[in-house]
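Structure first, then comments.
In what follows, residues are counted from 1 in the order of the sequence shown. As the structure lists them, so they are numbered: ligands from 1, and atoms in each ligand from 1. All of these numbers come straight from a predicted model, not from anything done at the bench.
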Amino acid sequence: MSQTDMFKLDGKVVMIPGGSGGIGSALAAGVCEAGARVSVIDRDGDGLERTCSRIREVGSEPLAVAADLTNKDDADRAVAETVDHFGRLDVIINAVGGGAGKVLFEAQDYPIPEWDWIMELNVRATVLPTQAAVKAMIELGNGGRVINISSVRANLGINAGYSAYVAAKGAISSLTRQWATEWAKHGITVNAIAPTFVDTPQVAMLLEDPDFKASIVSRIPIGRVGEPSDLIGPVLLFASDASSFVTGQILGIDGGLTATQ
Ligand SMILES: NC(=O)c1ccc[n+]([C@@H]2O[C@H](COP(=O)([O-])OP(=O)(O)OC[C@H]3O[C@@H](n4cnc5c(N)ncnc54)[C@H](O)[C@@H]3O)[C@@H](O)[C@H]2O)c1
């Protein structure tokens with residue numbers, strides 16, 4: 001295998017929970033360009049259609065599954081449909097999550113319903129599809145790759161009402177290390193990317209405020225926020241043979257933000 005072939009995903013099947021989202025849809029198209037076939041899972045059916053069109057433009061035929069990934073039956077069904085359709089499952093990229101900007105409260109007053117919602121969206125909706133996918137990977141016996149999306153906020157406090165989100169992303173980073181430890185014996189690696197702000201619909205309203213955007217950008221040495229396309233290269237690394245001996249790692253994709261802390 002040549003050095004560049006190591007990054008290719010020909011013959012691999014990648015499942016993307018959150019495939020309708022700003023990041024999930026970009027990653028879906030990116031892994032297809034690298035040769036993978038994908039299933040995209042989301043509760044947003046219109047978004048799934050948009051992602052499927054994008055994937056067809058790069059010459060691949062996706063499977064779309066509408067599902068609520070906070071529900072175990074739905075998560076199990078999404079994995080079963082993926083394996084039935086493609087006959088294998090090699091990679092899961094967990095791209096459900098977020099919500100931070102919608103529920104900002106002082107830490108001492110953080111309301112429990114909003115706390116539970118952020119935990120469900122970020123932790124439960126990662127755990128359920130991953131459990132189902134990894135059980136299938138173990139049964140299929142080809143090893144596999146789990147790629148999570150944490151955040152720079154797993155490591156950096158921010159004085160802006162983010163208690164639940166930082167706790168949820170801390171859990172995702174911890175689970176990345178724990179799962180890597182437990183699943184290595186099955187040939188399954190587990191890694192995470194940890195972006196700073198990425199310009200997706202989820203954060204568009206925050207970034208529309210020029211003062212807010214300027215304050216974010218001023219702390220990032222590379223001098224801009226992220227784009228969804230910035231995440232594709234690191235995800236190809238974790239999804240491909242190029243990272244066979246890498247597991248339990250959390251890669252900052254932050255234009256140097258955490259290097260300054
Ligand atoms: N955008 C950023 O600035 C940024 C920065 C760091 C980390 N992240 C993380 O990246 C991930 C993706 O973020 P994004 O910006 O693409 O968000 P997004 O809102 O565009 O995408 C999330 C997707 O998850 C889907 N979803 C939500 N709940 C679901 C459920 N119960 N069942 C099925 N699907 C569900 C939504 O429909 C949406 O398509 C999140 O984990 C987020 O925390 C984002």
**Prompt:** Among all protein non-hydrogen atoms, which one is nearest to atom 21 (O) of ligand 1, and what is the separation to 0.1 Å?
**Reply:** Gly21 CA, 3.3 Å
**Message:** Tell me whether Ile23 has any N or O atom under 3.5 angstrom from an N or O of ligand 1.
**Reply:** yes
**Item:** Within 6.0 Å of CG in Leu104, more than 12 heavy atoms from elsewhere
**Value:** yes
**Prompt:** How does Leu121 reach ligand 1, if at all, at less than 4.0 Å between non-hydrogen atoms: by side chain, backbone, both, or neither?
**Reply:** side chain
**Request:** Starting from atom 43 (O) of ligand 1, locate the nearest protein heavy atom and write down its residue, its atom name and how far away it is, to 0.1 Å.
**Result:** Tyr165 OH, 2.8 Å
**Request:** Consider ligand 1: state whether an atom of it lies below 4.0 angstrom from any non-hydrogen atom of Ala95.
**Result:** yes
**Prompt:** Near Thr196, which atoms of ligand 1 are under 4.0 Å from a heavy atom of that residue?
**Reply:** 3 (O), 5 (C), 6 (C)
**Prompt:** When you check the gap from the basic side-chain N to the acidic O, do Asp76 and Lys72 get nearer than 4.0 Å?
**Reply:** yes
**Message:** Taking Asp90 first and then Arg88, would you say they form a salt bridge - that is, a charged N and a carboxylate O separated by under 4.0 Å?
**Reply:** yes
**Message:** Is it the case that ligand 1 has an N or O less than 3.5 angstrom from some N or O of Gly24?
**Reply:** no
**Prompt:** Hey, are Asp230 and Arg224 close enough for a salt bridge, meaning a charged N less than 4.0 Å from a carboxylate O?
**Reply:** yes
**Prompt:** Tyr162 and Tyr110: aromatic ring centres closer than 6.0 Å?
**Reply:** no
**Item:** Spacing of CD1 belonging to Ile93 relative to CD1 belonging to Ile23, to within rounding of 0.5 Å
**Value:** 11.5 Å
**Request:** Report yes if some N/O of Val198 lies less than 3.5 Å from some N/O of ligand 1; otherwise report no.
**Result:** yes
**Message:** Side chain, backbone, both or neither: which applies to Thr200 and ligand 1 if a contact is any heavy-atom pair less than 4.0 Å apart?
**Reply:** side chain
**Complete:** Among non-hydrogen protein atoms, atom 34 (N) of ligand 1 lies closest to Arg43 N, 3.3 Å
**Asked** Which of these, Val40, Ile232, Val14, sits in a side chain to side chain contact (heavy atoms under 4.5 Å, CB included) with Leu27?
**Response** Ile232
**Request:** Flag Asp44 as yes when one of its N or O atoms lies below 3.5 Å from any N or O atom of ligand 1, and as no otherwise.
**Result:** no
**Request:** Looking only at protein heavy atoms, identify the closest one to atom 18 (P) of ligand 1 and say how far it is in Å.
**Result:** Gln202 NE2, 3.2 Å
**Prompt:** Is it the side chain, the backbone, both or neither of Ser150 that has a heavy atom closer than 4.0 Å to ligand 1?
**Reply:** backbone
**Geometric N/O contact Leu69 with ligand 1, under 3.5 angstrom** = yes
**Request:** Tell me, yes or no, whether the heavy-atom count around Glu106 atom CD, taken from other residues, nucleotides or ligands under 6.0 Å, exceeds 12.
**Result:** no
**Request:** If you have a sec, work out which protein heavy atom is nearest atom 26 (N) of ligand 1 and how many Å separate them, to one decimal?
**Result:** Val96 CG1, 3.7 Å
**Asked** Does Glu81 come within less than 4.0 Å of Arg77, counting only side-chain N to carboxylate O?
**Response** yes
**Asked** How far is atom 20 (O) of ligand 1 from its nearest protein heavy atom, and which residue and atom is that?
**Response** Gly22 N, 2.9 Å
**Residue of the set Val134, Thr247, Val127 for which side chain to side chain contact (heavy atoms under 4.5 Å, CB included) holds with Trp179** = Val127
**Asked** How long is the span from the CD1 atom in Ile147 to the OG1 atom in Thr176, to the nearest 0.5 Å?
**Response** 10.5 Å
**Asked** What do you reckon, does Ala125 put a non-hydrogen atom under 4.0 Å from ligand 1?
**Response** no
**Prompt:** Taking N or O atoms only and a 3.5 Å limit, does Gly98 qualify as a polar contact for ligand 1?
**Reply:** yes
**Message:** So for ligand 1, is Pro195 a polar contact partner (N or O within less than 3.5 Å, distance only)?
**Reply:** no
**Message:** With a heavy-atom distance limit of 4.0 Å, tell me whether Ala67 approaches ligand 1 through its side chain, its backbone, both, or neither.
**Reply:** backbone
**Message:** Taking Ala154's backbone N and O only, do any of them form a donor-acceptor pair with Ser173's side chain (distance below 3.5 Å, no angle check)?
**Reply:** no
**Item:** Proximity of Val203 to ligand 1 by residue part, where a heavy atom lies under 4.0 Å
**Value:** side chain
**For the student: nearest non-hydrogen atoms of Leu89 and Met15, plus distance** = CD1-CB, 3.7 Å
**Proximity flag Lys169 to ligand 1, non-hydrogen atoms under 4.0 Å** = yes
**Item:** Per-atom contacts of ligand 1 with Gly97, taking only distances under 4.0 Å to non-hydrogen atoms
**Value:** 40 (C), 41 (O), 42 (C), 43 (O)
**Asked** For ligand 1, which atoms, with element, lie under 4.0 Å from some heavy atom of Thr70?
**Response** 31 (N)
**Asked** If you group Ile, Leu, Val, Met, Phe, Trp and Tyr by side-chain heavy-atom gaps below 4.5 Å, do Ile193 and Val38 land in one group?
**Response** yes
**Message:** For atom 10 (O) of ligand 1, tell me which residue out of Ile149, Asp68, Asp74, Val65 has the closest non-hydrogen atom.
**Reply:** Ile149
**Asked** Between Arg37 and Glu61, does at least one N-O distance fall below 4.0 Å, as a salt bridge requires?
**Response** no
**Prompt:** Looking at atom 38 (C) of ligand 1, what's its closest protein heavy atom, distance included?
**Reply:** Asp42 OD2, 3.6 Å
**Message:** Let me confirm one number: the CE-CD1 distance from Met119 to Ile112, rounded to the nearest 0.5 Å.
**Reply:** 9.5 Å
**Message:** List ligand 1 atoms under 4.0 Å from Phe197, heavy atoms only on the residue side.
**Reply:** 3 (O)
